[in-house]
Structures are given as C-alpha cells and as structure tokens.
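To start, the structure under review is shown below, and the notes come after it.
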2 protein chains.
Amino acid sequence: MSKINLGIVEDDTLIQESLNDFFDAQSEIDCVQISSSVEDFLTSIKSLETLPKIILLDINLLGMSGIDGIPLLLNELPKVDIIMLTTFEDNDSIYKALCAGACSYLSKKTPLKKIKEAIEVVSKGGSYMSPSIARKIVNTFAPKQHKSNLLTPRQKDIVAGIVDGKSYKMIANDLFVSIDTVRTHIKNIYKTLEINSKAELIRKSYDNEL
Amino acid sequence: MSKINLGIVEDDTLIQESLNDFFDAQSEIDCVQISSSVEDFLTSIKSLETLPKIILLDINLLGMSGIDGIPLLLNELPKVDIIMLTTFEDNDSIYKALCAGACSYLSKKTPLKKIKEAIEVVSKGGSYMSPSIARKIVNTFAPKQHKSNLLTPRQKDIVAGIVDGKSYKMIANDLFVSIDTVRTHIKNIYKTLEINSKAELIRKSYDNEL
DNA sequence: TCTACAATCACATTATGATGTGATTTTACT
DNA sequence: AGTAAAATCACATCATAATGTGATTGTAGA
C-alpha cells in the first residue's frame, strides 16, 4: 500500500510541528508540503514532484482565509480532498467550507489519532466529521418543520404548477377549472404569503418557506 | 452514569436478536423496546415506564417505511434522537431521512462496536455518520460546479435580477441600460435555454441547471 | 480583413400576470 | 341552523412579460 501524500496549510507553527512530528512517525502518511498560507502553498506545490492527495486546511490564516482558498486549491489540484482543521465551529464557517468543496471538517480539539483516522477515511473515498460538527450539519437539513398550514391543498396544487413553470392557463387546464379560479387562488396565496410576484413564490417554495 | 435507553425498530428478527444480545452485554446501554414496525413501536411505548432516548430505525419495514415513521416518532417522543440503520445508501433515502429529522445515518454493514460508538456520540449531542454516507452528504453541499458557458456574463446579470424578483424595469435601472436591452437579453436567454417563461428560468436557476 | 458574437437600443403586438370587487356552492364544525 | 373556510367562477383594468423585426457598436479570433 502506497503512502497517502498529505499537504498542510496552517499558520500556527506549534501545530505545524506537532502534526509534522506525528505524521513522520506514521508509515501510512507522507507529509509532502507544509505552508502557513494558501498563497504560499499554491506557489510551493509547483515545484513538488509528488502532489498532495489530501490537504489539512485551517481557516484563520495570514493571507486569504482557508475558506476563500478552497476554490483556488481545487483549481490547482482538482482531485485533492480537503479536510478542514480549525477552531471555528460556527454553522456559517462549516456551511461555507462544505459549499466551497471541503469534504471533511474537524475541530482542532480532535486527537491526532482521530485526525489520522479521518485522513485514511477520506483517502478511501469517505468523509469524517467531528461529532459536534456532524450534528450541526444534519441540523441544517431538518430545522424547519414548517409544516405549513398556511396554504390549503388546492392552493398547493396551484403553487406546484407555478413552480413547474406553467402559465395560469395551463394550470387551469390541468386542474380542470377556469383561469379565473386560478387567478383567485393566486390572489389568496399572495395575500397569505404577503408577496406579489411569481418570482417570490418560487423562491419561497425552493427555500421551504411554505 | 445512567444507562442510555434505546429503542429499536427493525423487522429482520436475526438483526433484532443480534443487536439485542450485543446491547445486553453492554453496561452503558439499555434496550427498552424492540419492534418490527413503526406502528407497533408507537403502540408499545405507551405502556413503557422508561422511554427511549435514542431509536435505531430501519427503512424497509413491514408497515410504513422508516422514513415516513420519523415524523410520527418525533411527534410522540419530541426529544428522541433517531439513528437510521439501514442497507439503503442512496442519496435520496439519506436526504429524506435527514430532512425528516433523523440525526445520524449508519450502514447496516457497520460493526456493532461502531454502532455502539454512534449511540454514545449521539447521546452526547453529537452525530455519527458512516464515512461513505458522510461523503454523500457533503457532496450535496458542493455538487456541481456547473460552470455553465451557456450564458454570457451580461446575461447572467440579467438572470440574477430576475431570480431576485425584480421587474425588467428595475433590472434596466440597476444595470444602467434600457428596458429594451433587458428584453433583448431575455429573449436570447430564453432561446438559449429553450424555455419561455420567467418561472422556468427561476426554476433552472434554483436547480443549478445553468 | 472578414466574421461571429456580445451588448446595446427602438418600435410594435399579443399574451400573461397582478389586483379589485362580487358571487355561488360545498363541506365541516358549533 | 348558522358560520367559516375552501373552492369555484365572472368581469374589469392596468402593468408586465413574451416575441418579432431590425439596427448599431465594439471586440476577439479565423
């Protein structure tokens, strides 16, 4: 089994050394590049023979933030997997990092052994999250049980048609009612939702706000 | 430290027994109810003294599916944490389960020891995902960098305005061009995307289809 | 240089959407 | 029986959107 080539972007030299010393002692992992900033890292990898397969990335760095650096790193190394290793555990940082393309997110409190485990999991195509972070991620899926009693069943039919891109006429046809009925329903929907355009309705629908 | 009260909903009796035997041998976990269906489980817990704090839930059950059962379980036991334990690893099942309110998702291939670990993690307010499942979840955040060369930069500006719910007039004002220019852009956009209404445009935009 | 294309604007017509007022019917609850 | 809410339809009006035809300018590439 070949070694896992690892890159580290971390501006705290103490943590740099701690990680480096630890991975040096691991036969499975080879740390090919350590930098203090994304800018520096991107420059350095141009002269490397073996490119990193996985990057441990901090957020709070000297130059650009780790989150802003993700697209740049992925651009240079399209196949790299990025593991965030950071003290920031706020929902916003987690969300932004994942949206930018990070595949795992670890708290800096994570023991070295678990970090190694995460690297191995990721190198096998999986993903590892710190438990507290995983919980925050799943909460983004199911926070709003909006349950919407706002709209009546018929109104929901109408909304479905609109979100589908149908015109009032088409909706009227599909539901076997007159176009004036459709209009009335839409008037009532707009009133209930306090909006006044299809665009807002579609947005609300996609944002699960009904 | 008090025991963790566990419920299990699983229709395969072999797995039922295997889980039960295993947890019986664990001092930290107390299995208070095992049922083969959500319906049965909901009935049974009414006569229990100690209610489960965590439920291991299968998807493929005799009556209603585990996913459909999640809201009912949460309704009866609002503070319960639900861990999916299932063979289904398709994105859709995972997504639906999390949206319905499950807090963890384990493959049935997960070793008993890891299942126990997951239960403990969840009981401490965290969440544990099988690595392959965690990867699928993070992929839902940063899916396709569609990069769409379909639309020109200016056309994208126009689309942004439309998706924002602005009228042509407002867009024209914002971009310092005439409303006729906006109209022309939109005509071209519709032609390129082979659509013919704002609604469809907004839908495509929200679905990342441009 | 010729060409393609993005971006700009104009004019014109028809279609669709937004909003108001008012009315009838059915169902469900008090 | 009375009331409320949901669903249905009509008529009217103004605003906005969709679509066609035609034209100019600037820029990037064959």
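Convention: sequence-line order gives letters A, B, ...; per-chain numbering from 1.
The two residues A:Cys31 and A:Ile8 make their nearest non-hydrogen contact at SG-CD1, 3.6 Å. Nearest approach of B:Ser37 to B:Gly63, heavy atoms of both residues: CB-N, 4.4 Å. When every heavy atom of A:Ser197 is checked against every heavy atom of A:Tyr190, the shortest pair comes out as C-OH, 3.3 Å.
To the nearest angstrom, P of D:dA6 lies 22 Å from CZ of A:Arg183. Summarising the geometry, the separation between CE on A:Met170 and P on C:dA15 is reported as 16 Å, rounded to the nearest angstrom. Whole-Å rounding puts the B:Arg154 CZ to C:dT8 C1' distance at 9 Å. When the P atom of C:dT19 is taken as reference, atom CD1 of A:Ile179 falls 16 Å away, rounded to whole Å. For the pair B:Tyr190 OH and D:dG20 P, the interatomic distance rounds to 13 Å; values are reported in whole Å. Atom-to-atom, CG of A:Leu151 to P of D:dA6 comes out at 10 Å; the value is rounded to the nearest Å. Regarding B:Glu200, its CD atom lies at a distance of 13 Å from the C1' atom of D:dA17, rounded to whole Å. Spacing between atom CD1 of A:Ile186 and atom C1' of D:dA6 amounts to 16 Å, rounded to whole angstrom units.
Of the candidate nucleotides D:dA17, C:dT19, D:dA7, D:dA17 has the atom nearest to the side chain of B:Ser167. For A:Ser178, whose side chain is taken as the heavy atoms from C-beta onward, the closest listed nucleotide among D:dC9, C:dG17, D:dT19 is D:dC9. Closest to the side chain of A:Thr184, from the set C:dG17, C:dT8, D:dT8, is D:dT8.
In terms of phosphate contacts, B:His185 brings no side-chain nitrogen or oxygen within less than 4.0 Å of OP1 or OP2 of C:dA6. Between A:Lys187 and C:dG20, a side-chain N or O to OP1/OP2 separation shorter than 4.0 Å is absent. An OP1 or OP2 oxygen of D:dT16 is reached within less than 4.0 angstrom by a side-chain nitrogen or oxygen of B:Lys169.
Residue contacts for B:Ser197: at a heavy-atom cut-off of 4.0 Å it reaches the sugar-phosphate backbone alone, with no base atom in range. Among the heavy atoms of the strands lying under 4.0 Å from A:Asp180 is at least one base atom, whether or not backbone atoms are also near. As judged by a 4.0 angstrom heavy-atom cut-off over every strand, B:Thr181 is placed among the base-contacting residues.
A:Asp58 has its side chain out of reach of A:Val9: every pair of non-hydrogen atoms, C-beta onward, lies at least 4.5 Å apart.
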Check the pair A:Ser178 / A:Thr181 against side chain to side chain donor-acceptor pair (under 3.5 Å), numbers first and verdict last.
-> CA-CA 5 Å; A:Ser178 86; A:Thr181 303; 3.2 Å; yes
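For C:dC5, the base has no donor-acceptor partner in the side chain of B:Thr152 [N/O atoms by modelled type, under 3.5 angstrom].
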